[in-house]
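The block underneath contains the structure these notes are about, expressed in structure tokens.
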Amino acid sequence: ETGVTQSPTHLIKTRGQQVTLRCSSQSGHNTVSWYQQALGQGPQFIFQYYREEENGRGNFPPRFSGLQFPNYSSELNVNALELDDSALYLCASSRTEGADTQYFGPGTRLTVL
Amino acid sequence: AQSVSQHNHHVILSEAASLELGCNYSYGGTVNLFWYVQYPGQHLQLLLKYFSGDPLVKGIKGFEAEFIKSKFSFNLRKPSVQWSDTAEYFCAVNAARGATNKLIFGTGTLLAVQP
């Protein structure tokens, strides 16, 4: 069974640029959630994708957007990067969109200069 | 507002000492509860979870947690820690009957076990 994978591992961008992060869900999982983990903090929910639609969103501005593909993989896009966007971005997959156990990938470390 | 509080930010123990990490939550409804662990250089892994039934749940590596509904608590315990338990521990909660699988995390507890 393949776990959750994310790419790239690390990324350095400058303020104002755009970035795309990618996630492949665990085998048999149809739901993907994205989290932002700032240094010294717990992960914060960004949004969830189920059946290729956004299915719930946390307190993040519209410049954070996403996609889910028919194979359940997902992308997180962030436009107009700000210094505070520097964080570890985690992807998690689960079998359903409701209350269920989420399994996390290794994360993408984004640094905005 | 929904929130999770972890009272201990840093804990330092010697090997064989007992461990208890506190977790309290604020949530207006029935919840599922989780403890995740992040070992150095590794990704978040599920340690244990509570959905329903026996409030004392056992997880991997000898960890257990007790759900006390009246205290809104889900404390993590281990009778005897090992050096390999050095990691960051996160308590999390989601709505048991929510339409969105949104996890709310605490800020984490960094555990250092000295050999």
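By convention in this document, chain letters (A, B, ...) are assigned in the order of the sequence lines, proteins followed by strands, and residues within each chain are numbered from 1.
- Annotation: side chain of B:Thr100 is in contact with side chain of A:Phe45 (closest heavy-atom distance under 4.5 Å).
- Proximity to chain B is absent for every atom of A:Phe47, based on heavy atoms less than 4.5 angstrom apart.
- For chain A, the option among B:Asn32, B:Leu103, B:Leu44 with the highest count of heavy-atom pairs below 4.5 Å is B:Leu103.
- Placement of B:Ile104 and B:Leu76 within a single hydrophobic cluster is found when ILVMFWY residues are connected by side-chain heavy-atom separations under 4.5 Å, directly or transitively.
- Other residues, nucleotides and ligands contribute over 12 non-hydrogen atoms within 6.0 Å of the CZ atom of B:Phe105.
- Interface remark: A:Thr31 contributes no atoms to any contact with chain B (heavy atom separation under 4.5 Å).
- There is a path of hydrophobic side-chain contacts, each under 4.5 Å, that joins A:Leu90 to B:Phe34.
- At a 4.5 Å heavy-atom cutoff, the contact between B:Leu46 and chain A is made by side-chain atoms alone.
- Checking side-chain atoms of A:Tyr103 against main-chain N and O of B:Gln45 turns up no donor-acceptor pair under 3.5 Å.
- Both the backbone and the side chain of B:Lys102 come within contact range of chain A, judged by heavy atoms closer than 4.5 Å.
- Under the 4.5 Å side-chain contact rule for hydrophobic residues, A:Tyr35 and B:Val93 do not share a cluster.
- Looking at heavy atoms from C-beta onward, A:Pro43 lies in side-chain contact with B:Phe90 at the 4.5 angstrom threshold.
- Cluster annotation: B:Tyr50 is connected to B:Val37 through the hydrophobic network of ILVMFWY side chains, with a link wherever side-chain heavy atoms come within less than 4.5 Å.
- Heavy atoms of other residues, nucleotides or ligands lying less than 6.0 angstrom from CZ of A:Arg15 number 12 at most.
- In this structure, chain B has a heavy atom under 4.5 Å from the side chain of A:Gln37, while its backbone stays farther away.
- When the side chains of ILVMFWY residues are joined at heavy-atom separations under 4.5 Å, either directly or via intervening members, A:Leu67 and A:Val19 end up in two distinct hydrophobic clusters.
- Under the 3.5 Å distance criterion, with hydrogens and angles disregarded, no donor-acceptor pair is assigned to the side chains of A:Gln48 and B:Asn101.
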